[in-house]
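Notes follow once the structure below has been shown.
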Amino acid sequence: MQETRLPTNSSIREKDFTFLWQGKPLEEVREHGVGFAIKSRLLGFIVLPTEGSARIIKLQLHTAAGMVSLINTYAPTLTSSTEAKDELCDDLGLTLRDIPQQEPVFLLGFFNARVGSDHSSWPSCLGQYGFGKMNESEQHLLEFCYCHDLCITNSFFDTKPQH
């Protein structure tokens with residue numbers, strides 16, 4: 001992952017990619033932001049983000065099968081307040097609510113959560129290949145996934161332990 005500092009709510013075109021980014025205004029401490037790097041030839045197939053926050057950006061992509069929503073998220077760190085974590089969940093819930101039920105959604109990002117292995121407690125959200133012990137952020141993430149009918153896909157297939 002490469003961190004890039006760009007102006008708030010900007011897009012920059014560089015060679016074959018266009019970078020779409022949202023974050024805090026220049027006058028604030030810019031400790032987080034989210035974005036997408038899009039192949040420039042795909043720009044005609046996307047609906048550019050018009051809203052979001054320093055932690056959530058949504059992009060819609062026209063495909064042969066219909067519209068698909070991609071949401072990139074950067075969650076508060078483990079040391080952040082419960083209020084900050086709840087605020088992200090509320091904002092993310094509002095973002096998901098605006099997407100038609102039949103439209104596929106891919107929720108991407110860094111959730112600062114360690115996936116546990118308790119598949120039996122979260123069978124619709126957590127696959128059989130979860131790893132480690134659950135931390136407070138993971139509990140938050142699993143509850144969010146359960147409420148919004150989402151799953152943590154990388155827990156549904158076997159990977160090498162280092163991944």
Side-chain angles (χ1 to χ4, degrees), residues 1-4 6-14 16-24 32-76 80 83-116 118-119 121-131 134 137-159 163:
M1 182 165 101
Q2 179 180 349
E3 188 170 317
T4 305
L6 301 173
T8 303
N9 302 327
S10 67
S11 69
I12 292 181
R13 192 175 209 153
E14 191 167 307
D16 293 336
F17 290 91
T18 299
F19 298 92
L20 305 170
W21 187 86
Q22 287 183 170
K24 290 186 174 185
H32 48 265
V34 288
F36 289 101
I38 305 291
K39 266 297 217 194
S40 294
R41 65 181 171 80
L42 296 176
L43 287 175
F45 298 99
I46 66 168
V47 176
L48 293 173
T50 57
E51 56 187 57
S53 69
R55 293 196 176 273
I56 300 171
I57 186 171
K58 180 180 89 171
L59 183 74
Q60 291 181 292
L61 178 65
H62 293 279
T63 70
M67 193 71 82
V68 172
S69 283
L70 305 170
I71 302 170
N72 194 0
T73 305
Y74 178 57
S80 297
E83 291 80 20
K85 295 173 187 176
D86 288 342
E87 182 181 342
L88 175 76
C89 285
D90 293 344
D91 292 346
L92 200 49
L94 291 173
T95 301
L96 288 169
R97 185 191 71 194
D98 291 339
I99 299 171
Q101 181 110 17
Q102 72 279 6
E103 188 173 306
V105 174
F106 294 90
L107 183 56
L108 316 162
F110 189 64
F111 291 92
N112 289 305
R114 206 173 315 131
V115 177
D118 189 6
H119 165 73
S121 294
W122 305 94
S124 64
C125 305
L126 188 62
Q128 307 238 1
Y129 299 102
F131 182 76
M134 183 180 347
S137 293
E138 181 60 25
Q139 175 80 24
H140 224 88
L141 180 59
L142 285 169
E143 289 171 0
F144 181 83
C145 289
Y146 181 79
C147 289
H148 295 279
D149 198 25
L150 299 170
C151 67
I152 300 171
T153 56
N154 67 344
S155 69
F156 282 84
F157 55 90
D158 198 11
T159 61
H163 296 150

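- Using a 4.5 Å heavy-atom threshold, the side chains of T73 and T95 count as separate.
- A heavy-atom distance below 4.5 Å is not found between the side chains of V68 and V105.
- Using a 4.5 Å cut-off on side-chain heavy atoms (C-beta onward), H119 and S155 make no contact.
- The shortest non-hydrogen separation linking W122 to Y146 is CZ3-CB, 4.0 Å.
- Across every non-hydrogen atom of P49 and L59, the tightest pair is CD-CD1, 3.8 Å.
- One distance of note links CG of N154 with CZ of F156; it measures 10.0 Å at 0.5 Å rounding.
- Interatomic distance, CZ of R97 versus NE2 of H148, reported as 10.5 Å (0.5 Å rounding).
- Residues M67 and P104 approach most closely at O-CD, 3.4 Å, considering heavy atoms.
- The shortest heavy-atom contact between D118 and S121 is OD2-OG, 2.6 Å.
- Rounded to the nearest 0.5 Å, atoms CZ (F144) and CG (D86) are 11.5 Å apart.
- Interatomic distance, OG of S53 versus CD1 of I56, reported as 4.5 Å (0.5 Å rounding).
- In this structure, W21 and V34 have side chains that are not in contact, with every pair of non-hydrogen atoms separated by 4.5 Å or more.
- Of the possible donor and acceptor atoms, one in the side chain of T63 sits under 3.5 Å from a partner among the backbone N and O of A65.
- Smallest separation of non-hydrogen atoms from G35 and I57: N-CG2, 4.0 Å.
- Summarising the geometry, atom CG belonging to L88 is positioned 9.0 Å from atom CG belonging to D90; distances are rounded to the nearest 0.5 Å.
- Side chains of L43 and T18 form a contact here, defined as non-hydrogen atoms less than 4.5 Å apart.
- The aromatic rings of Y74 and F110 sit parallel to each other, their planes meeting at less than 30°, with 60° as the upper class boundary.
- The two residues L70 and F36 have their closest heavy-atom pair at O-CZ, 3.6 Å.
- Atom CD1 of I38 sits about 13.5 Å away from atom CG of D16, to the nearest 0.5 Å.
- With contacts defined as side-chain heavy-atom distances shorter than 4.5 Å, the pair V47/H62 qualifies.
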Would you check, one step at a time, whether the test side chain to side chain contact (heavy atoms under 4.5 Å, CB included) holds for L48 with Q60? CA-CA 7 Å; L48 293 173; Q60 291 181 292; over 6 Å; no
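- Looking only at side-chain heavy atoms (C-beta outward), C145 and I152 come within less than 4.5 Å of each other.
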